[in-house]
Every structure is written in structure tokens, then in C-alpha cells.
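Only one structure is covered here, and it is reproduced in the block below.
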Amino acid sequence: MIKQRLIELLTEAASQAQQLGKLPAVTLLDIVVEHPQNAEYGDYASSLPLKLARATGLSPLTIANDIVGLMAPTPEVASIAVAPPGFINFTLKDDWLTQQVDSILMAGDAYGNIVLGEGSRVQIEFVSVNPTGPLHVGHGRGAILGSTLANVLAAAGYKVEKEYYINDAGSQIVAFNRSLYARYQQCLGVDAEMPADGYFGSYMVDLAKEVIAEEGDRFLSLPEKEAVPQLGQIGSDKVIEQVRNDLERLGVSFDVWFSERSLYDNGQYQRAISLLHQGGYIAEKEGATWFVSTALGEDKDNVVVRGDGSPTYFASDIAYHYNKFLERKFDKVINIWGADHQGHVSRMKAVVGALGISPERLGVIISQMVTLLRGEELVRISKRSGDIITLREVVEEVGSDACRFFFLSRSADSQMDFDLELAKKESVDNPVYYVQYAHARIASILRLAQEREIDCRDGDVCLLNTEPELVLIRKMLLLPEIVEIVAHTLEPHHLTYYAQDLATVFHSFYKQCRVVSEDKALTKARLKLVEAAKTVLAKALHLMGMTAPDKM
RNA sequence: GUCCCUGUAGCUCAGUUGGACAGAGCGGCUGCCUUCUAAGCAGCGGGUCGAGCGUUCGAAUCGCUCCAGGGACGCCA
């Protein structure tokens, strides 16, 4: 990556300056190179001299001149300039830029990949909705965030595993099972009452009917104690299958479906708790077992085992994270949770620390609420009450690509409205089509070239010397940097903005530069350029889990 | 009451973790299709970056205090 190269050059020059006694021996940590907002300042800029001025007491301009004076000419850089109050500005060479077109074509699908992760193992867990009902749009947001991050982390050189945690233990499952049993009985003409904390959505009636169609009325003759869990198992298996299908339509898949219940099967739960016990983080009081998070700076302690001896959700999560870090030994674990789990973050970090794991290895992304609207009207999406608009319905109406782009284009931190009325109307003006249209336009050019049997493999990229061409190349070169930023910040929304920028410079190029023309040599060079642009656009779209259409 | 997120153009939101004159899309207003896709291009207009104080050579970005909106604070998950 060129940015990395410039950082190396700066580091070398600065340490050379130190050896020559021009610069005091202060540490040169994290040298930053960035893109100036104003293009007149060049392609990259560093404020290193300004930073060093503070540490050394020297004038920033003097430092800048000393450092620049020690930088040797390189094949990439046309000019290195000092600018007040103490910036070092780099401008890249045009012929180096044009050569990058060949590099991109050579890299193909792998263009944009970087080695940041060095093969370390990252687990990313997301969606993980209780198997008690269909997904809604809020879940879709987490799903899209997670799957995109997984794509980007893989491109950044990590070994990524995507996981769905199935909450198949605990009280909500009991409520689900009893609700299904009640609906099952009702559908078979038996007078039964729904539990007060039950799931009243109409999908439960459909589910009961489906079970009856396949299993008949045989559960009526079983004692309730046997019928409820058996029915519940069948029901939640069906729900999970639905969840899997709905996510597939959004282009989301998982490597592992992990059962919460399995944590209690093979002693992992016991080992996790005893490890905390050894550390002195477990205490008995008020008839229950507690995790003493106050000892780790938390506001309050949390119950692990209830008075009746049953473990809480928190207990499961302790065992689950023990499993992730100490049994499966992931280097890094990322959880994507909804805003309602926000209070869970700090105590989970405390648990991880108490288990002897550096809390930085646990990353938690909180995806903020999605408010579903129909015009001005608020649409309820709670599973417990009444009818809901499911994720499936939204995806069918709006389309997977537009859904993905819409959710990705806002940072996970900000709440968002999803207006069903606007979704369809706006889909015509949606930026997603602007990006895909650029890809389709290129495909169209390449089709024309193929019809005319133009082989551009011997094209000379040096001919690409006009402004629109160089602007396009510069933008293409940013993809690896975007991958790095997203992998580092875990904020995939940068990708959507990059994709739009790239499409913009392409559309502008397209308007100004005719590709297939009478000039054979230029045609070949430009065909190479647009093919490279197609590669980069497609890569950006694929990282976001979207399609790159050849026709629109 | 404590904690978390948010507050930037008429609307929806970016702003590369402190850099150089604050950006995009939508909407509004002007132009541009006999040549590779007009789902496009070029241009105009639009701002007290919620408010105030502070740190710094330099703040939308960091700290403190307020204001406003949303969320979380259970032996639910």
C-alpha cells in the first residue's frame, strides 16, 4: 500500500535526522499520513513535524525541511513539499499511477486485500435472535453489519468465523413452548389459555397449524410435561429454519450455529464458574450466586445462579465467552448486539477480564434501534404483541441490495428510521443503483469492445494521462485503505461512501472520455482502465454483500 | 438518579480517531442525450458543526458544565 510506503519513507528520514543530530531522540510512534482535503496540497500529507515540534521545542518548519532534505527520490513520488505551518505534502507520479492499472488487473478479485490480520482467528457473532419468532428489520441491521464486517475482515487477512448463538435455554424458550402448546390445543378444538408472558403474534397460530399438519394430534395424549418441551423443540427448529432462510435472502450466512444449551452439556459451564470462583469473583448472598462485578468497578453485582438453582442468561454468557476464548481459542471475538444489550457490555468485559483475558480482545458493536415507519405512522415490531412486519417482507419489498446499502450507509451508532413507503419510492433514486449503474456501464463498454474484437492486453497504460483518468486511478487506489479503516474501526459504513465516490469519478470520466474510439492505442489503454475500475467497483460491492450487475 | 448512543445544509447522514478554506445524497433552481446505458454529467444556492467554558500552534473531533432526543439500568433474555 502506497500509504504504508510513505510512512516508511518518513520514518527512515526522521530517524536519519536523529542520527545526524538534527532532531532530538524522541520516539517516533504512530506516524500518520492522511489525505489533505484540498487536492492542491497533493495526494498525501503528514503533520509529523508539527507533532515533533511539541516534543522537541524546535520550529516545525525547520523539522519539516530537515526531514524532507533527507528523503531520496523514489519511483512513486513526484514531489515532497514543505508547507506552513509544518506539513509535509506528497504528490504521486503520474506514470506510477498509471502503472497501478496493470497492478489492479493483475490482482483481480484479490485487489483490496491486505495482510493486516496476519491470519489471526476472529470470531464474529451476530443476529443470535431467540428462536421464538420471525426476524424484524432491527435484526436485519445487525445481520448486514455482521456479514459485511466478516467480509472485510477476511479481506484484511483475518481467519473469520461467523456464528449464530441460539438461545435455546432459559425462560423465554419456556414461554415460547407453552405458547405453542396452547395454540396447538386451540387449533385442535381444545380449550386452552395462552400464558400471560406468551407470544401472541399470529405466526404462532400458523406454526401450530404447520406442526399439526406434520405431526397430527399425538401431543394431546401426552402428559403436558412431555408435550410442551417436545412441541417446543419442533417449533423452534422450524423457527430457526425460517430465520436461516430469511437471512439467506439478505445474503447472510453463518459458519457455526451454536447452541446455548450445549454449554451445560459437557462441563464448560462448571469450568467457567470455577475459574471465576478461584479468582474470588463469585459470592453467595440472598440465597443466590452472584458475580461480584463491583470488585471490578461495576455499579452492581449480577446474579449467576438463581435462588431456585437455575442459571441466568448472564451465566450462559459467561460460559459462552469462556468457550470462545479458552476452549476454542479465538484471538479476537466480536459481538454485535442490539441497543437493548447496551448495559450488558461493561459487565461482559469485566467477566472476560476476570477469566484472565485481555478485554481488548473482545469487541462489542451496539447497533442502535431501527424505527419502522409506514409514512408518518409507527409500525410495531415487537414479537410479543400482535402483528409484525417481518424482515422477510421488507426484503421482498425493497430488495436485498438496497436493504444492505441502506443499512450500511449509516454508522451503527446512530438510530435510524426505515420508512416502508419511502423505501420503494426511494429505491429508484437509491445510491445503490448509482453505484451498480457504474458497474453496468463498464460492462456495456466491455461488451462493445468484445463485439469489435478488440484485445486490450497489450494496451499501454502510459497513455492514460488526462485529468479524469488520473482522478479515477487515484480513487481506485484507496480501496485497500478503506479495507484497513473498516477492519480497524469495525465501521463498515465507510465502504458505502467509498463506493459512491468511486462511482462518481467513474461517471465523470465516462462523460469526458470516450473509451472505444478511432484511436486504437488509446482505446486499448482506456479499456484496461475501465476493466480495472470494474474490478474495484465489484470488489467494493461484494465486500458489502451486494451484487455487481452487468446490465440494468 | 446512574450509565450508553445521538445532536453538522430544508430533509437523511458522512467527516479517515486533533490538521490546512466544513462534505455527500435527496429536495430546489440552470444547462447537457444523432457517438460505449440520461438509473448519467456540469453548475448555482444552502452552515453560529445543540450552547458555553477549557486544553492546543490548530477543535465538528479531546475535557468539563449545561440543553434536547432516544435507549439501558430484572433472581427477563
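Just so it is clear, the structure is predicted and the values come from calculations on it, not from any experiment. In what follows, chains are A, B, ... by sequence order, proteins preceding strands, each numbered from 1.
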Taking only side-chain nitrogens and oxygens of A/His344, does any of them come within less than 4.0 Å of OP1 or OP2 of B/C73?
no
Nucleotide N/O to protein N/O under 3.5 Å, stretch nucleotides 55-61 of chain B:
from  : atom 1 : to      : atom 2 : distance (Å)
B/U56 : O2'    : A/Arg54 : NH2    : 2.8
B/C57 : N4     : A/Arg54 : NH2    : 3.2
B/G58 : O6     : A/Arg54 : NH2    : 3.1

Centroid under 5.5 Å and tilt under 30°, A/Tyr41 to B/A20:
yes
Which parts of nucleotides 1-7 of chain B does protein reach within less than 4.0 Å, heavy atoms only, written one letter per nucleotide 5' to 3' as B for base, S for sugar-phosphate only and - for none?
-SBBSS-
Considering just the side-chain nitrogens and oxygens of A/Tyr199, establish if one lies under 4.0 Å of OP1 or OP2 belonging to B/A77.
no
Taking the C1' atom of each, how far is B/A59 from B/G15, in whole Å?
13 Å
Is A/Phe87 stacked on the base of B/A20 when the test is centres under 5.5 angstrom and planes under 30 degrees?
yes
For B/A39, does OP1 or OP2 lie under 4.0 Å from any side-chain N or O of A/Tyr437?
yes
Quick one: stems for RNA chain B, with Watson-Crick or G-U pairs under 3.5 Å, at least three in a row?
B:1-7 with B:67-73, B:10-13 with B:23-26, B:28-32 with B:40-44, B:50-54 with B:62-66
Sequence neighbours excluded - salt bridge (Lys or Arg N to Asp or Glu O under 4.0 Å) pairs with any residue from residues 519-529 of chain A:
A/Asp102-A/Lys528, A/Asp458-A/Lys524, A/Glu469-A/Arg526
Applying side-chain contact (heavy atoms from CB on, under 4.5 Å), can you list everything that pairs with A/Arg54, at least two apart in sequence or on another chain?
none
At a heavy-atom distance below 4.0 Å, what parts of residues 477-489 of chain A sit against RNA chain B?
A/Ile485, A/Thr489
Please classify the nucleic acid contact of A/Ala449 as base, sugar-phosphate, or nothing, using heavy-atom distances under 4.0 Å.
nothing
